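This report concerns only the one structure given below.
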There are 2 protein chains.
Amino acid sequence: MSREAILERAVDLASLEGLEGLTIGRLAGELEMSKSGVFANFGSKRELQLATVQAAAERFVADVIAPAQEAQAGLPRLRRYCEGYLAHMERAAFPGGCFWAAASAEFDDRPGPVRDAVREGIAAWLGELAAQAREAGMDDPEQAAFELWAVGLGANAYRRLLGDEAAFDRARRAIEERLAE
Amino acid sequence: MSREAILERAVDLASLEGLEGLTIGRLAGELEMSKSGVFANFGSKRELQLATVQAAAERFVADVIAPAQEAQAGLPRLRRYCEGYLAHMERAAFPGGCFWAAASAEFDDRPGPVRDAVREGIAAWLGELAAQAREAGMDDPEQAAFELWAVGLGANAYRRLLGDEAAFDRARRAIEERLAE
DNA sequence: CCTACCGATCGGTAGG
DNA sequence: CCTACCGATCGGTAGG
């Protein structure tokens, strides 16, 4: 079993159970491996968590960021980012809902390398949104990035907790109005 | 040690460690009680979790909802709700950040009574926001409630994960623009 | 409210 | 990659 294949399952499991609930024993059970077989690939639970965050970032880049590079920098790419971001969550790219929403809520008060890795992933995404907002000539790109990101976070929580698929329509409407300004 | 005093600590601990990370042993340690002494007050971990959600709801009502009843129904009360909501998170009414943001991310994919209780608390808050938006004459009160709530959720995450206190200024600016429409 | 205990599971190690 | 094990902690119980 390759490290890559293990991490595929680790990301899915972490989106469901959290990065702390991602236990080596449970992951081993799902992969039909021994605990120590999984353990040996990482050396510690912390390294498993860090590798899982990295794998989730790669999935997000492949799914959302890379395809949007076809669009022109500025407003067109910003729209593609928002569409990709919502579509990514809507089709449940992670079975437990957005990995990043779950990971940031879980680790925002646990200082250490895992928290730092989660923060860097989210900061990179906010930075991408702000860069395109700046390119589009918006007067406060960081403000726009914050608002667009918050709407996505809200849609994920609204759908997952309330079971209301209208969450994404609401998010699209909010984003449309924000970008039409 | 009264049940109420135990629940005070339970809410704080849950905001830091999550409702699953709120273990009976750890809570007992902080209260300098025996595990079974804490346990006997609730009968099961699930009952402790449910009582903790209830206590968090009471804290939110006392802190945010009740004071806003002084304001006139409609836009004035809606503004007070938003101000109270942000101030509640900004001064860290829960030491681990907004209890509800953490609890919804943790339980959104764990069916059962705890999830139901979290959902009901959040649905009640969204309903309050929508009711005032309707009273204020807004044309899609649920949409407004969704957007205002999402901005608060975003501000909590932005501040806690990125350590940026500007999160709340950004949230206030976004809410101001939304309500000025 | 307490001590003392149960089986299960945790992260991690020894040795192969 | 495996079996077998470690001490710690989990939710929960017995008995007082």
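Just so it is clear, the model here is predicted, and its values are computed rather than measured. Throughout, protein chains are lettered first and strands after them, A, B, ... in sequence-line order, and every chain is numbered starting at 1. Atom set for the values below is all heavy atoms of this structure, side chains included, hydrogens, waters and symmetry mates excluded.
Residue B:Asn41 contributes atom CG, which lies 9 Å from atom C1' of C:dC1 at whole-angstrom precision. For the pair A:Met1 CE and D:dC2 C1', the interatomic distance rounds to 14 Å; values are reported in whole Å. Residue A:Phe42 contributes atom CZ, which lies 18 Å from atom C1' of C:dT13 at whole-angstrom precision. Counting to the nearest Å, the C1' atom of C:dG11 and the CZ atom of A:Arg46 are 13 Å from each other. Between B:Leu22 atom CG and D:dT9 atom C1' there is a gap of 15 Å when expressed in whole angstrom units. The separation between A:Phe39 atom CZ and D:dC6 atom P is 17 Å, rounded to whole Å. With rounding to whole Å, A:Ile24 atom CD1 is found 21 Å from C:dA8 atom P. One can place CZ of B:Arg3 at 16 Å from C1' of C:dC1, the figure rounded to the nearest angstrom.
The residue B:Thr23 sits close only to the backbone: its heavy atoms come under 4.0 Å of sugar-phosphate atoms, none of a base.
Taking 3.5 Å as the limit, the base of D:dG11 and the side chain of B:Lys35 contain a donor-acceptor pair of atoms between them. A donor-acceptor contact under 3.5 Å is formed by the side chain of A:Ser36 with the base of D:dT3.
C:dG16 is paired with D:dC1 under the criterion used here, namely a Watson-Crick or G-U wobble arrangement in which both key atom distances are under 3.5 Å.
Side-chain contact between A:Tyr158 and B:Leu126 is present, with heavy atoms from C-beta onward closer than 4.5 Å.
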For residues 89-99 of chain B, which side-chain N or O atoms pair as donor and acceptor with protein atoms under 3.5 Å away, sequence neighbours left out?
residue : atom : partner  : partner atom : Å
B:Glu90 : OE1  : B:Arg172 : NH1          : 3.4
B:Glu90 : OE1  : B:Arg172 : NH2          : 2.8
B:Arg91 : NH1  : B:Ala87  : O            : 3.4
B:Arg91 : NH2  : B:Asp63  : OD1          : 2.8
B:Arg91 : NH2  : B:Asp63  : OD2          : 2.7

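Residue-environment remark: CD (B:Gln69) exceeds the threshold of 12 foreign heavy atoms within 6.0 Å.
Between A:Glu20 and A:Lys45 a salt bridge is recorded (basic side-chain N to carboxylate O distance below 4.0 Å).
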